[in-house]
Amino acid sequence: MKVSLAPYMPIILDYSSYEVAFHNLCLFDLPNYVTFYVPGKWDEQLVESDDIMSSYEMYRLMLELPVEEVSPNDRATCLKVIPDVLKNMSKQDRDSVCLQLYALMCVPDSRRIFAGVDSHTDCLEILSDERTAVIRHFDPFGKVTLLSLLESFIPRLEQLKHFHANRRVGNKAVAAFSAYDRNDESYAKRLLMTAFTDHEGDVDDRTYLYTYDKRNKTFVEFRPGRNNVYHGMDISLEEARKKAPLIVRKFHK
């Protein structure tokens with residue numbers, strides 16, 4: 001799974017508010033599946049900031065962020081945003097934000113988040129002539145940090161019936177989850193996290209996740225429950241080829 005993040009940091013006169021926003025964005029703690037979208041040349045933007053350039057360590061950290069630079073695009077100027085959180089911006093700031101939002105619209109297979117606009121809305125509906133998208137909105141001036149939001153996406157393992165060996169419950173066969181150890185769930189949880197980060201697309205309570213268990217030489221299917229809860233089970237190579245061909249190709253099986 002990939003998270004595409006487009007933070008927008010407007011010029012804020014109240015320095016304490018700026019500190020809160022910067023802390024809540026917690027850019028240096030982002031997981032490795034996050035891409036950070038910025039309009040224009042990132043290094044040039046950094047140089048223009050006196051606060052960043054006054055600290056070599058800050059400049060180095062900002063320069064090493066997983067950045068995707070967004071090129072100018074005429075289609076970005078025709079965006080409609082509902083609710084219109086951009087209406088009070090200057091033209092220059094609005095153009096920059098529209099570039100970021102349009103870039104997010106064009107990113108396939110991703111959970112998309114826009115951060116920076118001081119608004120309590122949870123989602124932004126973005127409309128253009130050629131496509132529409134609903135993008136999750138994060139308010140960096142609120143009480144929740146971006147890292148907390150990203151951590152809320154992480155799936156949790158809860159095994160109710162698929163354990164280390166095949167078994168029967170009444171007349172019904174219950175498949176094994178070879179990686180599962182009741183006394184130590186760490187390996188099974190790592191497999192779930194791998195399946196989660198490898199998934200190309202958004203993940204919700206209907207999304208099945210897949211990976212390969214190298215230790216036990218079997219593919220694994222993680223089935224969803226509610227509130228990011230999953231349970232795993234072994235599946236055959238034939239099943240994996242039908243259900244998760246990208247995962248099969250990744251592991252060359």
Side-chain angles (χ1 to χ4, degrees), residues 1-6 27-37 64-70 103-113 131 133-136 146-147 149-166 173-182 184-253:
M1 193 202 74
K2 180 170 63 175
V3 171
S4 303
L5 172 66
L27 302 178
F28 307 130
D29 296 320
L30 297 180
N32 59 9
Y33 50 80
V34 175
T35 303
F36 178 66
Y37 281 69
E64 291 178 356
L65 287 172
V67 163
E68 183 81 25
E69 294 179 353
V70 177
L104 287 186
M105 289 181 69
C106 297
V107 177
D109 301 326
S110 180
R111 188 188 291 268
R112 295 169 290 194
I113 302 171
R131 67 188 74 193
V134 175
I135 295 174
R136 180 75 179 262
L146 178 61
L147 189 58
L149 175 63
L150 295 176
E151 288 176 344
S152 73
F153 299 155
I154 295 173
R156 294 180 291 112
L157 184 69
E158 189 173 294
Q159 291 297 119
L160 298 178
K161 61 180 181 178
H162 299 278
F163 302 131
H164 183 71
N166 291 311
V174 178
F177 181 21
S178 301
Y180 187 73
D181 181 345
R182 295 185 190 216
D184 183 1
E185 297 182 338
S186 58
Y187 180 61
K189 288 179 177 179
R190 287 202 303 273
L191 288 179
L192 174 57
M193 194 63 197
T194 299
F196 174 67
T197 55
D198 282 348
H199 179 75
E200 293 191 353
D202 205 349
V203 176
D204 59 28
D205 288 344
R206 299 162 295 176
T207 308
Y208 283 57
L209 302 174
Y210 298 89
T211 193
Y212 183 68
D213 174 3
K214 295 180 181 179
R215 183 181 295 177
N216 296 288
K217 297 181 173 56
T218 181
F219 283 91
V220 178
E221 176 181 88
F222 289 100
R223 296 187 173 187
R226 294 184 177 180
N227 301 319
N228 289 352
V229 171
Y230 281 81
H231 65 274
M233 58 186 290
D234 299 347
I235 60 172
S236 67
L237 174 58
E238 290 71 26
E239 285 183 276
R241 282 176 173 156
K242 293 177 183 178
K243 297 178 176 180
L246 293 178
I247 296 298
V248 173
R249 285 200 291 272
K250 175 178 179 176
F251 292 99
H252 307 291
K253 299 294 178 185

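What you see is a predicted model; the values in this text were computed from it and never measured.
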For His231 and Phe177: C-alpha separation, side-chain torsions, deciding distance, then whether side chain to side chain contact (heavy atoms under 4.5 Å, CB included) applies.
CA-CA 9 Å; His231 65 274; Phe177 181 21; over 6 Å; no

Checklist line | Heavy-atom donor-acceptor pair, Asp184 side chain to Ser186 backbone, under 3.5 Å | finding: yes

Closest non-hydrogen atoms of Ala195 and Leu209, given as atom of the first, atom of the second and distance, are CB-CB, 3.8 Å

To the nearest 0.5 Å, atom OH of Tyr208 lies from atom NE2 of His199 at 13.0 Å

Residue pairs meeting salt bridge (charged side-chain N to carboxylate O under 4.0 Å, His left out), one or both in residues 230-239, sequence neighbours left out, come to Glu239-Lys243

Report task. Apply the test side chain to side chain contact (heavy atoms under 4.5 Å, CB included) to residues Phe196 and Phe222: give CA-CA distance (whole Å), side-chain angles for both, the deciding distance (0.1 Å), then the verdict. Result -> CA-CA 9 Å; Phe196 174 67; Phe222 289 100; over 6 Å; no

Sequence neighbours excluded, the answer for salt bridge (Lys or Arg N to Asp or Glu O under 4.0 Å) partners of Glu64 is Arg60

dist Lys189:NZ -> Tyr180:OH (nearest 0.5 Å) comes out at 8.5 Å

To the nearest 0.5 Å, atom CE of Met193 lies from atom CG of Asp198 at 10.5 Å

Residues at least two apart in sequence or cross-chain that pass side-chain contact (heavy atoms from CB on, under 4.5 Å) with Lys217, listed by chain then number, are Tyr212

To the nearest 0.5 Å, atom OG1 of Thr218 lies from atom CG of Leu237 at 9.0 Å

With a 3.5 Å distance limit and no angle check, can you tell me whether Arg112 reaches the backbone of Met105 through a side-chain donor-acceptor pair?
yes

For Ala179 and Asp213, the nearest pair of non-hydrogen atoms, with its separation, is CB-OD2, 3.5 Å

| query | Checking Asn228 side chain against Ser152 main chain: does a donor-acceptor pair fall under 3.5 Å? | reply | yes

Quiz item: Does any non-hydrogen side-chain atom of Ile113 lie less than 4.5 Å from one of Leu150?
Solution: yes

What verdict does the side chain to side chain contact (heavy atoms under 4.5 Å, CB included) test give for Val248 and Phe219, after you've listed the backbone C-alpha separation in whole Å, the side-chain angles of each residue and the deciding distance to 0.1 Å?
CA-CA 8 Å; Val248 173; Phe219 283 91; 3.9 Å; yes

In short, Lys214 meets Tyr187 closest at the heavy-atom pair N-OH, 3.7 Å

query: What's the verdict on side chain to side chain contact (heavy atoms under 4.5 Å, CB included) for Thr35 and Val107, showing C-alpha distance, side-chain angles and the deciding distance?
result: CA-CA 11 Å; Thr35 303; Val107 177; over 6 Å; no

Rounded to the nearest 0.5 Å, the CD atom of Glu151 sits from the CG atom of Leu146 at a distance of 10.0 Å

Could you check whether any side-chain heavy atom of Thr211 comes within less than 4.5 Å of a side-chain heavy atom of Phe251, counting everything from C-beta outward?
yes

| message | With a 3.5 Å distance limit and no angle check, can you tell me whether Arg156 reaches the backbone of Asn227 through a side-chain donor-acceptor pair? | response | yes

OH (Tyr210) and CD1 (Ile247) are apart, to the nearest 0.5 Å, by 10.0 Å

What one should report as the nearest heavy-atom pair of Pro155 and Leu192 is CG-CG, 3.8 Å

Scanning both residues in full, the closest heavy-atom pair of Gly232 with Val220 reads CA-CG1, 4.5 Å

